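Each remark here refers to the structure printed beneath this line.
Only heavy atoms go into these numbers, but all of them, side chains included; no hydrogens, no water, no symmetry mates. Everything numeric here is computed off the predicted structure, so don't read it as measured data.
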Number of protein chains: 2
Amino acid sequence: MSARAASRAAVPPPEAKASRRQILDCAARLFREQGYAAVSLRDIAAASGMKAGSLYHHFVSKEEIVAEMLNIGVQTVFGEVRRAIEAAGDVPAAHLIETAVRAHLRSIFEFGDYTGASIRIFGHVPARVRDATIGERDAYERYWVALLARGARLGDLRGDIDLTLLRLFLFGAMNWALEWYKPGRLDLDGIARQLGEIILHGAAPVRAPPANRRVRRTGQTAKP
Amino acid sequence: MSARAASRAAVPPPEAKASRRQILDCAARLFREQGYAAVSLRDIAAASGMKAGSLYHHFVSKEEIVAEMLNIGVQTVFGEVRRAIEAAGDVPAAHLIETAVRAHLRSIFEFGDYTGASIRIFGHVPARVRDATIGERDAYERYWVALLARGARLGDLRGDIDLTLLRLFLFGAMNWALEWYKPGRLDLDGIARQLGEIILHGAAPVRAPPANRRVRRTGQTAKP
DNA sequence: GCTGATACCAAACAAACGTTAGGCCGGGCG
DNA sequence: CGCCCGGCCTAACGTTTGTTTGGTATCAGC
């Protein structure tokens, strides 16, 4: 009984069932391709080789399916980015950012459909599901904030850049790739390199030290 | 008679009906808030002060409603960006890009819901609707391509930057704001300025010519 | 005063939705 | 063996979907 009580205290089964995972796999693929509301439980069931009613032996509702899928997606990309950052060791923040960008992009496009689906449909999912999964997302976002803040502290990032905005711009540039990237057309490493290069050093030619024509920015006062 | 015949030769009514426009207004707001599939015709009708069946006196299907709304959205942002660019006159490409970014962001958040809805739901709409509206989108994207290409030709953009990627990154950073921006928290001009600054000059400190740290500005710089 | 067009409504349609109920089948365990 | 239970099925539930049909009120023009 103590063993039984202990096992009941943990997550329902000691190890997740295979069908359960396969349902989630199919759901992730369909959600990613077609969006949340466009995919019915019958679609998910058919893709999993089952009938709609049978899904309820593994999940209590469609919302539970999508919520679990969202969480797996975020945890996957989070884990990949953290792993890549820790493997990079003690390098300048500039290099870390490109490493994180590459890991994030790879997670989106090369690690199953969870991550891509998670990003694409998060904003289109019932509010209850969003609330249930926002904790995981926050954790991942805080990780990026910390990453950028470390870069700023070490002097690898400009002090006049709003780190929150920088992170949002980065996420936007990366996640928007879900709307246009088709595997095989461009390689992810090249995309990551270009994004890192643009974000860090800009698309404009390096500023000539004394040139006057470009110093004049709209709101930003000139230097002393 | 001749006038009537002439007016009948043009688009159905000489000037668009008010109800038709109001239906589109409501549809745009709902689509933007909730996504495409989550909004029913009954929702749109109720928001327009009508019943579902009455919508069919103005549109032949839900797809026609959403297609027309998508087109208006793209045309709106396109028009605003072009207007802003033409008003800017003959200035360096760096300034043009920030101008275009600001105009695009303002269109998304301050010109009704068409633009925001258009961007948010385009990827979640039936393929037939996407095909029917992709022409307008292509035209707008080509405009940006031309804008960036002009900057590259004039030497205002680095030659080793892929302009297609640059445009996609910019679109991503801007359009992703639909997922996080809430009016009133930050001002759009500030966001546009930061994005322009990062995209053009990078988030890393300027590569040290000789001096290393005095380049750093602190916050948003003191007022002049 | 009648005609026709316009703009809407009430009611219904078939289809699809998420979900539930009850039954069949097979393998592990007493 | 007999029993039971997980895993899936069929079939239906009530609701909601996009769409259609037929009718009504209003108003202009002959």
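- Residues Tyr114(A) and Asn71(A) bring no donor and acceptor atom of their side chains to less than 3.5 Å of each other.
- Ring geometry, Trp144(B) versus Phe171(B): the interplanar angle exceeds 60°, so the pair is classed perpendicular (tilted spans 30 to 60°).
- Contact check of residues 34-50 of chain B against DNA chain D (heavy atom, cut-off under 4.0 Å) returns Val39(B), Ser40(B), Leu41(B), Arg42(B).
- The residue Lys51(A) sits close to a base: some heavy atom pair falls under 4.0 Å.
- Note: CD (Glu63(A)) to P (dC17(C)) measures 17 Å, nearest angstrom.
- A cation-pi arrangement, defined by a distance under 6.0 Å to the six-membered ring centre and an angle within 45 degrees of its axis, is absent between Arg120(A) and Phe122(A).
- Atom CG in Leu55(A) sits roughly 13 Å away from atom P in dT10(D) (whole-Å rounding).
- Between the CD1 atom of Ile23(A) and the C1' atom of dC8(D) there is a distance of 11 Å, rounded to whole Å.
- Figure legend: cation-pi geometry between Arg82(A) and Phe78(A), with NZ or CZ positioned under 6.0 Å from the six-membered ring centre and within 45° of its axis.
- Phosphate proximity of dC8(D) to Ser19(A): present, with a side-chain N or O under 4.0 Å from OP1 or OP2.
- His57(B) has no side-chain polar atom (N or O) that falls below the 4.0 Å cut-off from OP1 or OP2 of dC9(C).
- Within the cation-pi definition used here (under 6.0 Å to the ring centroid, within 45° of the axis), Lys182(A) does not qualify as a partner of Phe109(A).
- Summarising the geometry, the separation between NZ on Lys62(A) and P on dC17(C) is reported as 9 Å, rounded to the nearest angstrom.
- If you take OH of Tyr56(A) and C1' of dG6(D), they are 19 Å apart, rounded to a whole angstrom.
- Remark: Gln34(A) pairs with no residue by the side chain to side chain donor-acceptor pair (under 3.5 Å) rule, at least two apart or across chains.
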